[in-house]
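What follows is one structure encoded as structure tokens, with my remarks underneath.
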Amino acid sequence: MIRKLICLLLACIIGALSTGCVQDVKSNDLMDGYEPKISNEINEASFDLPDADNSTMTDFGLKLFKESFDAEKNTLISPLSVISALAMTAGGADGETLSQMEKVFGMDKETLDGYISSYVSGLPQGEKYKLNLANSIWVRDSSSFSPNGDFLQHNADYYGADIYEAPFDDTTVKEINNWVNDNTDGMIDSIIDRISADTIMYLINALAFDAEWEEIYEKYDVREGDFTKEDNSTVDVDFMYSTESTYIEDELAKGFIKYYAGRKYAFVALLPNEGVSVEEYIKSLSGEKVNSMLTSPETYTVWSSIPKFESEYSIEMSEILIALGMPDAFDSALADFSKMGTAGGNIYINRVIHKTFISVSEKGTRAGAVTAVEMNCESALMPIEPKEIYLDRPFVYLLIDCENSVPFFIGAMMDPSK
């Protein structure tokens with residue numbers, strides 16, 4: 001029944017917006033046998049990325065980060081991964097459920113679809129830098145659930161989503177995790193360890209970033225030193241020293257921008273002033289404030305250091321998203337995902353699972369992220385005086401694209417030795 005529905009409605013599946021590799025999965029590929037075609041309507045549409053929308057996207061990421069932050073550990077989220085997975089999910093929402101989701105996003109669904117589609121298709125790729133995104137939808141092979149063809153078509157068109165029908169058994173768990181591993185370049189090897197009997201669909205985004213520094217650190221640039229944590233205890237770590245030229249600041253922090261090869265992406269460091277905690281500083285940030293800093297940096301000589309670090313982070317975001325203002329989506333009685341398909345009971349979001357990884361070293365940065373939405377059914381001139389910014393105590397950092405100055409990763413480094 002599902003195959004017939006898809007055969008009728010998925011006649012012009014687009015795969016061009018997804019840069020993920022083709023997977024060798026045993027689940028029933030609902031796109032199998034169809035030559036992807038560029039949708040003329042989407043291809044000809046013109047979606048600008050105005051500063052206001054960039055600021056809105058940054059604001060969404062900061063709200064998510066504020067709710068995720070834990071002063072006891074290193075926090076790292078990818079707002080781009082989270083909003084991509086949630087935007088696909090919102091394609092099946094209606095009524096008050098959709099209204100709440102749009103309010104949390106900061107823009108209506110149509111605008112968000114256009115923004116993400118244009119943003120992702122415009123991401124620069126080069127020999128020494130890349131930011132790849134891939135999306136997939138996994139549907140339970142069951143006579144009790146029939147996905148809406150228009151919903152699947154929309155996510156194929158705008159998000160390049162691969163669509164699979166699977167038995168949702170242990171084999172499916174392995175296949176989903178293999179897909180995640182492949183599309184994060186091995187940085188994240190799994191996202192789920194079980195599938196409950198009530199789960200009918202997964203909507204998954206995977207993201208992989210890999211870039212060399214514009215100027216790679218040499219051996220003599222790396223020296224051991226003390227990193228002072230917020231409790232004033234210290235840990236020994238390797239610091240990478242360099243002289244940068246792009247300085248940013250606000251009333252509570254100072255920082256610098258360090259570019260990757262090609263200057264299409266950058267690492268942004270924000271060091272709170274003495275006496276200002278990382279938590280206090282994070283609370284002060286807004287999309288407009290960060291966007292203003294990133295788009296109007298100053299030219300200074302900046303003597304800087306970055307600790308070498310590698311960090312993994314995972315979080316289940318249901319409570320965070322409920323607190324941000326979309327409770328109905330997680331309520332088995334109130335959720336309205338009627339545009340997603342028909343099932344024996346009401347469809348709702350059960351979990352939003354998010355995992356990230358980052359490695360910052362002499363050569364550059366590798367970072368990966370995965371977000372899985374689990375749907376259940378109820379059953380200038382250099383100044384003479386240089387700036388000195390040594391990241392030898394807890395700091396906030398961003399990975400941004402230099403065209404739009406939108407963070408696709410936001411992190412807080414509390415202890416680089418962990």
(request) Using a cut-off of 6.0 Å, state whether more than 12 heavy atoms not belonging to Glu288 lie near its atom CD. (result) no

(request) Quick one: list whatever passes salt bridge (charged side-chain N to carboxylate O under 4.0 Å, His left out) with Glu251, sequence neighbours left out. (result) Lys289

(message) I'd like to know if Lys363 pairs up with Glu212 as an ion pair, taking the criterion as any Lys NZ or Arg NE/NH1/NH2 lying under 4.0 Å from an Asp or Glu carboxylate oxygen.
(response) yes

(message) Checking Asp198 now: which residues fulfil salt bridge (charged side-chain N to carboxylate O under 4.0 Å, His left out) with it, not counting sequence neighbours?
(response) none

(request) For Glu165 and Asp141, work out which heavy atoms get closest and say how close. (result) CG-CB, 3.6 Å

(request) List for me each residue that meets ring pair (Phe, Tyr, Trp, His ring centres under 6.0 Å) alongside Phe105, sequence neighbours excluded, and say none if there are none. (result) none

(request) List in chain and number order the residues that pass side-chain contact (heavy atoms from CB on, under 4.5 Å) with Glu310, two or more places apart in sequence or in another chain; answer none if no residue qualifies. (result) Phe357, Ser359

(message) Quick check with a 6.0 Å cut-off and a 45 degree axis cone: is Lys258 positioned over the face of Phe267's six-membered ring?
(response) no

(request) Starting at CG of Leu391, measure out to CG of Leu270 and round the result to the nearest 0.5 Å. (result) 9.5 Å

(message) Under the criterion salt bridge (charged side-chain N to carboxylate O under 4.0 Å, His left out), I'd like the reasoning laid out for Lys109 against Asp113: C-alpha separation, chi angles, the key distance, then a yes or no.
(response) CA-CA 6 Å; Lys109 182 65 172 64; Asp113 288 336; 2.5 Å; yes

(request) Find the distance between CZ (Phe227) and CZ (Phe239) and round it off to the nearest 0.5 Å. (result) 6.5 Å

(message) Using the side chain to side chain donor-acceptor pair (under 3.5 Å) criterion, which residues pair with Asp210? Sequence neighbours excluded.
(response) none

(message) When you measure from the side chain of Ser121 to the backbone of Ser118, do you find a donor-acceptor pair of N or O atoms at a distance under 3.5 Å?
(response) yes

(request) Could you tell me whether Glu215 atom CD has more than 12 heavy atoms of other residues or ligands within 6.0 Å of it? (result) no

(message) Taking side-chain hydrogen bond (donor to acceptor under 3.5 Å, both in side chains) as the criterion, tell me which of Thr371, Asn183, Asn135 meets it with Asn205.
(response) Asn135

(request) Count the heavy atoms belonging to other residues, nucleotides or ligands that lie under 6.0 Å from CD of Glu298, then report whether that count exceeds 12. (result) yes

(message) Less than 4.5 Å apart, side chain to side chain, heavy atoms only: is that true for Asn376 and Ile349?
(response) no

(request) Enumerate the residue pairs fulfilling side-chain hydrogen bond (donor to acceptor under 3.5 Å, both in side chains) with a member in residues 219-230, sequence neighbours excluded, ordered by first and then second residue. (result) none

(message) Whether Lys308 and Glu362 form a salt bridge (side-chain N of Lys/Arg under 4.0 Å from carboxylate O of Asp/Glu) is what I want to check.
(response) yes

(message) Taking the basic N atoms (NZ, or NE/NH1/NH2) and the acidic carboxylate oxygens, is any pair closer than 4.0 Å for Glu249 and Lys387?
(response) no

(request) For Tyr202, enumerate each residue passing the ring pair (Phe, Tyr, Trp, His ring centres under 6.0 Å) test, keeping only those at least two apart in sequence or located in another chain. (result) Phe168

(message) Run the side-chain contact (heavy atoms from CB on, under 4.5 Å) test against Ala367 and tell me which residues pass, sequence neighbours left out.
(response) Phe209, Ile358, Leu399, Phe409

(message) Holding to salt bridge (charged side-chain N to carboxylate O under 4.0 Å, His left out), I want the full list of residues that pass it with Arg263, two or more places apart in sequence or in another chain.
(response) Glu214

(request) Mind checking ring pair (Phe, Tyr, Trp, His ring centres under 6.0 Å) for Tyr129 and listing every partner two or more places apart, or none if nothing turns up? (result) none

(message) Does this structure show an ion pair linking Lys63 with Asp59, if we count only N-O contacts that are shorter than 4.0 Å?
(response) yes

(message) According to salt bridge (charged side-chain N to carboxylate O under 4.0 Å, His left out), who are the partners of Lys66, at least two apart in sequence or on a separate chain?
(response) none

(message) Among residues at least two apart in sequence or on other chains, which ones pass side chain to side chain donor-acceptor pair (under 3.5 Å) with Ser314?
(response) none

(request) Taking Glu67 for its side chain and Leu324 for its backbone only, find out whether a donor-acceptor pair lies under 3.5 Å. (result) no

